[in-house]
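One structure is given here, and the rest of the page talks about it.
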Amino acid sequence: MSLAYKSLDIREPAQGLLSRNLKQALEVARNRIMVGIVFVAFIMCVITFRLFSIMVLHNGMDENATAMAGGFCPMGRGNILDRNGEILATSISTSSLYANAKKILDAKVAAKQIRTVLPQLDEKKLVEKLTSGKRFVWLFRHLTPQQQKKILDLGVPGISFMGDQRRIYPHAQLFSHVVGLTDVDNVGLGGVEKTFDQHLRQNGQDLTLSLDLRVQHIVRSSLQEGIARFSATGGTAVVMDLETSEILGMVSAPDFNPNKNVDVRSPDFFNRATLGMYEMGSTMKIANTAMALESGKVHLGSVFDTSAPMNIGKFSITDYRANHGVINVAQIFVHSSNKGSARMALAAGLQHQQNFLKKLGFLEPSRLELPEYGKPLFPKHWREANQMTIAYGYGISLSPLHLLNGVASIVGGGCKKRATLLKLDASAPQTCERVVSPETSKTMLQLMRFVVTDGTSKKANIPGYFVAGKTGTRNLLINGHYRKDRVATSFVGIIGDSQDKPKYMVVVLLEDPKASKETYGFTTAGWNAAPIGGMILGKVASLMSVKPTVEPDHITNPFFRNVSFKSP
Amino acid sequence: MNVTRTISLSMMFLIVAGIGTYTLKHKVIHMESQLSRLKRETVKLKESMHVLNAEWAYLNRPERLQQLAQDKLGMSHTSHEQFISLDQLSEAPVIAHPLVHLTAGAS
């Protein structure tokens with residue numbers, strides 16, 4: 001019986017062995033499963049994490065996708081617009097042709113092929129470029145799409161296109177000097193293109209000018225007509241809004257087409273409105289009279305003797321028309337008497353004259369948003385002789401812009417006005433730097449009205465409108481002598497709803513206008529600059545809805561009721 | 001039993017997550033290519049607009065319009081006599097035309 005148990009005993013270790021093996025096997029199996037689970041769990045984590053990162057972090061895009069979206073090219077140089085948004089300068093995309101000389105197989109053949117599409121290219125120069133060995137050399141800038149296609153069809157190896165921008169001026173010569181122009185690489189060379197070069201290039205920001213396309217057209221066509229009619233050699237005209245000091249039109253003739261290559265040293269590039277320095281002649285009497293009235297020593301009724309001779313050394317001052325005798329300040333202005341003006345200046349005093357002209361800005365460059373500007377010429381040693389000649393506009397040289405700013409300051413209410421080419425923000429606060437009192441301003445405007453009704457500017461008058469003005473004729477200095485028969489003429493004109501609301505001012509200057517049958521042999525401003533100025537004012541008035549006044553002139557100052565402006 | 005259930009559930013989740021991710025990714029890639037195509041088209045259209053604006057400005061040159069107005073429409077500059085005020089209107093002559101009746105009183 002113990003043997004039976006013994007045999008049972010033998011079975012136990014076998015069972016234990018079996019369960020040990022089984023346990024081992026199970027252990028191994030479990031481990032393998034664990035490894036599998038961990039591996040799969042890891043993959044799951046990776047996928048979940050990727051999902052999370054794409055959805056939440058990169059907002060639905062992964063790196064590959066962003067490469068496909070492509071960058072957005074900005075439009076390039078900003079547009080230049082007039083005050084109403086009309087395009088004065090814009091850029092369009094073109095292609096420019098360049099060559100990698102290292103890749104050119106046969107320069108002569110390539111040159112011949114290229115010349116079939118672009119015959120204007122010089123063959124020798126072209127071959128030179130193609131054999132230069134340079135990796136990059138321009139062959140032709142700004143191709144048209146048709147030219148580009150034809151060149152592509154040629155299949156010349158080693159040449160390629162690069163995206164380029166070309167500046168276009170849809171209105172060509174209409175805005176020559178003010179807008180300016182750019183060179184082939186779109187860098188501003190003159191005018192507003194140069195002054196605001198940075199602004200236009202950064203982010204393609206547009207620039208809005210104060211100019212009005214329609215007014216500019218009126219100014220240019222009238223000036224061209226004047227130059228043709230009176231055979232002048234050149235001229236300039238500027239129209240300004242008196243209330244805001246914005247320049248609505250500015251033209252200098254001769255001018256140029258900015259779409260074509262212009263040599264900036266050519267005389268056409270010269271902006272007479274800002275750079276041309278002229279002795280102003282009688283238009284200076286506006287400043288002189290205002291100066292005298294402001295001095296406190298002279299008033300409207302002050303009389304001066306214009307018949308007595310006045311000499312400065314060898315030179316004697318003469319008046320254009322014969323003796324007026326003893327006349328008052330108003331008559332001196334309307335008759336444009338040089339002697340009278342000189343006497344008024346003497347009465348006001350030299351220091352006062354200097355200070356006043358300084359206040360008007362006549363002794364410093366007149367700045368505008370243009371890169372070019374001229375400095376006025378005035379005597380270094382200002383003596384009595386200068387005091388007298390400056391009174392009637394000789395001995396000091398100013399630009400038409402000086403005249404514009406100066407007269408606008410005087411008749412526009414008395415606050416200093418600075419012309420601007422940029423469209424103004426109407427809401428900006430206006431500060432006033434006083435130049436003349438409001439009373440003097442009104443008086444000067446009234447006097448200028450009399451010049452149009454009774455004086456030298458009758459040809460500028462438009463019946464039914466309030467038009468005021470002043471002419472100036474100065475002899476040209478040719479070869480060191482003042483010529484009596486050759487002149488430069490100017491006219492300053494104002495138009496408005498009434499004498500209380502002057503609205504627009506024009507300055508016209510004609511260089512060397514000639515006498516003709518039409519002008520009865522006269523070359524003075526009243527015969528040429530004044531009618532042109534009047535023409536401009538009339539057209540601008542109907543464009544800008546300036547109302548014709550129905551009532552006759554309403555003269556507020558009682559002094560004028562007893563003044564006669566009849567010539568002796 | 002529990003382990004098997006956990007494993008099979010995890011497997012299911014894994015499969016679903018995998019399919020989900022890749023479907024999403026492909027959809028996004030497709031939309032991306034559409035977007036870039038649209039952006040390129042927009043750039044082209046904007047450039048065309050730019051050129052058209054320049055051409056429009058050129059066609060609207062005042063001298064051209066003035067010429068056309070004068071030749072084809074017989075227009076000329078407004079003169080100041082063409083402006084009158086309302087009170088002047090009542091004194092204006094009556095236009096006796098069957099289609100137009102301008103009278104001070106009722107008719």
Side-chain angles (χ1 to χ4, degrees), chain A residues 30 33 36-37 40-41 43-44 47-48 50-52 54-55 58 60-62 64-73 75-76 79 81 86-93 168-172 174 213-218 220-221 462-465 535 538-539 541-543 545-548 550, chain B residues 3-4 6-7 10-11 13-40 42-44 46-67 77-85 87-88:
Chain A
R30 223 182 60 193
I33 289 175
I37 288 176
V40 167
I43 292 181
M44 244 170 61
I47 292 175
T48 315
R50 193 85 180 100
L51 188 70
F52 173 76
I54 289 177
M55 286 297 290
H58 291 122
M61 290 196 282
D62 71 345
N64 295 326
T66 35
M68 271 176 70
F72 178 68
C73 305
M75 264 308 138
N79 291 342
L81 310 170
E86 302 285 343
I87 295 174
L88 305 183
T90 186
S91 298
I92 56 174
S93 302
I168 299 266
Y169 301 94
H171 299 284
L174 189 52
L213 174 66
R214 309 160 299 171
V215 174
Q216 184 82 357
H217 171 68
I218 290 171
R220 185 168 188 273
S221 57
I462 307 165
Y465 281 96
M535 188 195 297
K539 290 183 181 171
S542 47
L543 181 72
S545 307
V546 174
K547 296 185 283 292
V550 185
Chain B
V3 177
T4 323
T6 320
I7 290 174
S10 319
M11 282 295 197
F13 174 71
L14 177 76
I15 292 168
V16 169
I19 293 174
T21 310
Y22 284 99
T23 315
L24 198 73
K25 177 169 178 167
H26 282 291
K27 270 201 185 149
V28 167
I29 288 175
H30 177 65
M31 280 182 10
E32 227 86 86
S33 72
Q34 266 195 320
L35 181 70
S36 65
R37 182 175 54 81
L38 285 173
K39 277 191 176 169
R40 277 195 303 269
T42 309
V43 169
K44 268 206 193 138
K46 279 200 172 162
E47 267 184 41
S48 301
M49 247 174 60
H50 215 80
V51 174
L52 287 171
N53 275 331
E55 180 149 0
W56 179 246
Y58 179 72
L59 290 171
N60 275 325
R61 280 166 298 142
E63 55 181 32
R64 176 174 180 269
L65 296 180
Q66 182 174 343
Q67 198 64 51
H77 282 286
T78 348
S79 84
H80 64 95
E81 288 146 354
Q82 292 172 277
F83 288 100
I84 57 171
S85 61
D87 19 290
Q88 287 176 298

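Bear in mind the structure is a predicted one, so any value in this text is a computation, not a measurement.
Shown here for B:K25 and A:R50, the closest heavy-atom pair between the two residues is NZ-NH2, 4.4 Å. In this structure, A:M44 and B:S10 approach most closely via the heavy-atom pair SD-O, 3.8 Å. B:A57 approaches A:H171 most closely through the heavy-atom pair O-CE1, 3.5 Å.
Of the atoms belonging to B:Q34, not a single heavy atom falls under 4.5 Å from chain A. For A:L174, the part lying near chain B is the side chain, with the backbone staying farther off; criterion is any non-hydrogen pair under 4.5 Å.
For A:I33, the side chain to side chain contact (heavy atoms under 4.5 Å, CB included) partners are A:I37, B:I7, not counting sequence neighbours. Among residues two or more places apart in sequence or in another chain, the salt bridge (charged side-chain N to carboxylate O under 4.0 Å, His left out) test is passed with B:E55 by none.
Atom-to-atom distance recorded for A:I47:CD1 and B:F13:CZ is 9.5 Å, nearest 0.5 angstrom. In this structure, the separation between CG on B:L52 and CD1 on A:I92 is 10.5 Å, given to the nearest 0.5 Å. Atoms NE2 and OG, on B:H77 and A:S542 in that order, are 8.0 Å from each other to the nearest 0.5 Å.
Counting heavy-atom pairs under 4.5 Å between each of A:E86, A:K539, A:K547 and chain B puts A:K539 at the top.
Shown are A:I87, A:I168, A:N79; of these, the side chain to side chain contact (heavy atoms under 4.5 Å, CB included) with B:H50 is made only by A:N79.
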